[in-house]
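This report refers to the structure that appears directly beneath it.
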There are 2 protein chains.
Amino acid sequence: MSQRTSPTKLKDVAEAAGVSISTVSRVFSNPERLSPATVQHVREVAARMRFSPNVLARALKRGVAANVGLIVPDITNPYMTALLKAAQGRSRTSGVGVLVADTDDNTEIERQVAEQLARQSRGLILSAPRMSASHLREIAATIPVVLVNRVVDGVPSVVTDSEWALGELVSHLRELGHRRIAYLPGPSGSWANRQRRKAVTARTHEAGLELVVLDGTAATYHDGIAAVDRVVASGVTGVIGFDDVVASGLIEGLRRHGRTVPDDVSVVGHDDILAELVQPGLTTVAGHSDRVGRLAVQRLLDPEGEQDRETSIVVRATAVYRSSTGPAAANV
Amino acid sequence: MSQRTSPTKLKDVAEAAGVSISTVSRVFSNPERLSPATVQHVREVAARMRFSPNVLARALKRGVAANVGLIVPDITNPYMTALLKAAQGRSRTSGVGVLVADTDDNTEIERQVAEQLARQSRGLILSAPRMSASHLREIAATIPVVLVNRVVDGVPSVVTDSEWALGELVSHLRELGHRRIAYLPGPSGSWANRQRRKAVTARTHEAGLELVVLDGTAATYHDGIAAVDRVVASGVTGVIGFDDVVASGLIEGLRRHGRTVPDDVSVVGHDDILAELVQPGLTTVAGHSDRVGRLAVQRLLDPEGEQDRETSIVVRATAVYRSSTGPAAANV
DNA sequence: TCACGACGTGCAAACGTTTGATAGAACGTA
DNA sequence: TACGTTCTATCAAACGTTTGCACGTCGTGA
């Protein structure tokens, strides 16, 4: 039907402006070397013709692509969605596009997708909680990588540090009279899960509380529901969940079991993502994924010297108090 | 530090295999014209050297890029997230990448981003509920476009048709004894909002129910909370919300107002996205955004003849019954 | 008047592919 | 032996940029 008109290129602008192709190119890449008059003239002509440079050709010639890649296990996870939104916003202001890939936490797909995106990206933002460190380093040897919520020697990263916030929440529970609480873990093998578990362990110990770790969860909503039996059996008065999703599952499970939150059991989440939608409002750790996303992009775009290749930028998480925590039940 | 090794290219493989560059190229693009022996040999060498073609160069030469662009008002909306996930999954099987852009529903950003993505995409999947039809057509004249949840003459689209499902839900409410219900609208100017409102209007009329339209909402969670006063004042026993987000806001608002759902008021959502997380479980319309995403990509990738340029593919939504709807309160 | 830096612009090669035109080899046929 | 066919593989141009180099043309100081 209607023939699509091919976009204007340097050559067209050059002819229309009566200058050479290289001059037009320079108007856009480094105008300082040109006379102001020429620059202005070419700019006008280009604008009139609605010229915009072909990113593909530019990337090919310069050897550096116009995109960043974002690889995540599950884009459906609101933490990741918020991260994506922020990353994209930051990229846009630099005229950079964002290529997204969802790996379903599958190593084979991760490998395949990393390779595919690498070719058209300036760098990769990688969230791969379970990928082996050596594989990670292998990818980082190919293309600049910023790891999200994971630290591996020799690879730059941006991580949320929840230890402090979890400490606050442990104290909070202690002050509410809780003496025995549980940690409901996330996917085994996940870096973030190891960190959170370690933090909770250390902080409950410091606070003189008993801790029960309820293993064997994959941290879905349904796992949360299913965990209720073990929670009840363990006789705890408070539970710290790996994330908001599993925590709200647990709340639902408790409800079905005839227990109310926080009267019978206090529940704490992580990520501050469902927090308002759930009843009762979730006391949780705000991971500030938007900040993480922005920083990751920034780190990719600004070279900032190779010396801190191995540094982690850490974003300190904060505790958010809502109504899923309350005074410990007298007896359980 | 560690120098990044540049990826292998056609030339390297050609030298290693003792053939010309063009031969190697043809091994990957159309091997039929080559002798089977050569093809196999080159394949082996290429595999050994871990060669993969440079997508940028290929796109430049062929004039068709290796990505599709996805432009949405708010990627944080779970409907869009699910759509993205499905679209990306479908694309990956065709070796195609997905460029995502979030426009914050801002026309200026939409324009800018459409232009930016267009250059490196084979086509655009566009969700722009409020963009003018002429602007939309303008973009479609530049690059293949598939519209999501919107129909505009002359531009292909994939839409969810909720009329039937909304009809079911209206009947459902009627059978539960409701006689007067409200529609809590979405963003004014949104195509989907017009469709849903129209469907609800038609179906309540058919069913002999009274309908109140509570205008002036932007369909955020907080708008839902804020809508409670008008809901109560209107004296309805049931509310159909524009989407799950505004519906769960309303539920929260009602709760704060001392009303319970569904005992005092029944609430229906749309999109089936928060449905399980909210208390009580939301009766809603499942829009099947995953199917929409897959179809949109498919439509972009398979040319399928130009004749049906103007056709809309429609995905029929279905009603999902949970516990936010129940028998009408005797008096309100 | 001449030599000499600036300064502004153009030429042409390169980035890694794809692909139409073409050349050579192998074969069967007259 | 010469010739047409068919099959493979190579040549080289092109895709739209960027950029090192070279080429004028000035204005300046001796």
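Letters A, B, ... mirror the listed sequences (proteins, then strands); counts begin at 1.
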*Listed once per pair and sorted, the side-chain hydrogen bond (donor to acceptor under 3.5 Å, both in side chains) pairs that draw on residues 24-37 of chain B, sequence neighbours left out*: Ser35(B)-Thr38(B)
*Who are the side chain to side chain donor-acceptor pair (under 3.5 Å) partners of Gln112(A), not counting sequence neighbours?*
none
_With a 4.5 Å cut-off on side-chain heavy atoms, are Leu83(A) and Val72(A) touching?_
no
*Taking only residues at least two apart or on different chains, which pairs with a member in residues 88-110 of chain A satisfy salt bridge (charged side-chain N to carboxylate O under 4.0 Å, His left out)?*
Asp102(A)-Lys85(B), Asp104(A)-Lys85(B), Asp105(A)-Arg130(A)
*Walking along DNA chain D from 5' to 3', note the first and the last nucleotide with an atom under 4.0 Å from a heavy atom of chain B, and give both.*
dT8(D) to dG16(D)
*Enter the distance from Ser157(B):OG to Leu126(B):CG here, rounded to the nearest 0.5 Å.*
11.0 Å
*For DNA chain C, determine which residues of residues 8-16 of chain A have any heavy atom closer than 4.0 angstrom to one of its atoms, and list them numerically.*
none
*Met131(B) versus Ile139(B): any side-chain heavy-atom pair under 4.5 Å?*
yes
*Mind listing the closest non-hydrogen atom pair of Thr81(A) and Ile75(B) along with its distance?*
CG2-O, 3.1 Å
_End-to-end axis angle, where each axis spans five pairs of the helix from dT1(C)-dA30(D) to dA30(C)-dT1(D), to 10°_ = 70°
*Enumerate the residues from residues 17-43 of chain A whose closest heavy atom to DNA chain C is under 4.0 Å, giving them by residue number; use none for an empty result.*
Val19(A), Ser20(A), Ser22(A), Thr23(A), Arg26(A), Arg33(A), Leu34(A), Ser35(A), Thr38(A)
_Non-hydrogen side-chain atoms of Leu56(B) and Arg119(A) separated by less than 4.5 Å_ = no
*Just do the side chain to side chain contact (heavy atoms under 4.5 Å, CB included) check on Thr103(A) and Ile71(A) with the steps written out, would you?*
CA-CA 7 Å; Thr103(A) 62; Ile71(A) 302 185; 3.5 Å; yes
*Which pairs count as side-chain hydrogen bond (donor to acceptor under 3.5 Å, both in side chains) when at least one residue sits in residues 140-150 of chain B, sequence neighbours excluded?*
Tyr79(B)-Asn149(B), Asn149(B)-Thr160(B)
*Who are the side chain to side chain contact (heavy atoms under 4.5 Å, CB included) partners of Pro129(A), not counting sequence neighbours?*
Pro73(A), Ser127(A), Ser190(A)
_For residues 55-67 of chain A, which residue pairs pass the side-chain hydrogen bond (donor to acceptor under 3.5 Å, both in side chains) check, not counting sequence neighbours?_
Asn67(A)-Gln120(B)
*Out of curiosity, Thr23(B) OG1 to Leu10(B) CG, how far, rounded to the nearest 0.5 Å?*
9.5 Å
*asked:* If you count every heavy atom of other residues, nucleotides or ligands that lies below 6.0 Å from Gln40(B) atom CD, does the total exceed 12?
replied: no
*Looking at DNA chain D, which of residues 111-119 of chain B put a heavy atom within less than 4.0 Å of it?*
none
*Excluding sequence neighbours, so at least two apart, what forms side chain to side chain contact (heavy atoms under 4.5 Å, CB included) with Asp290(A)?*
Ala86(A), His288(A), Arg294(A)
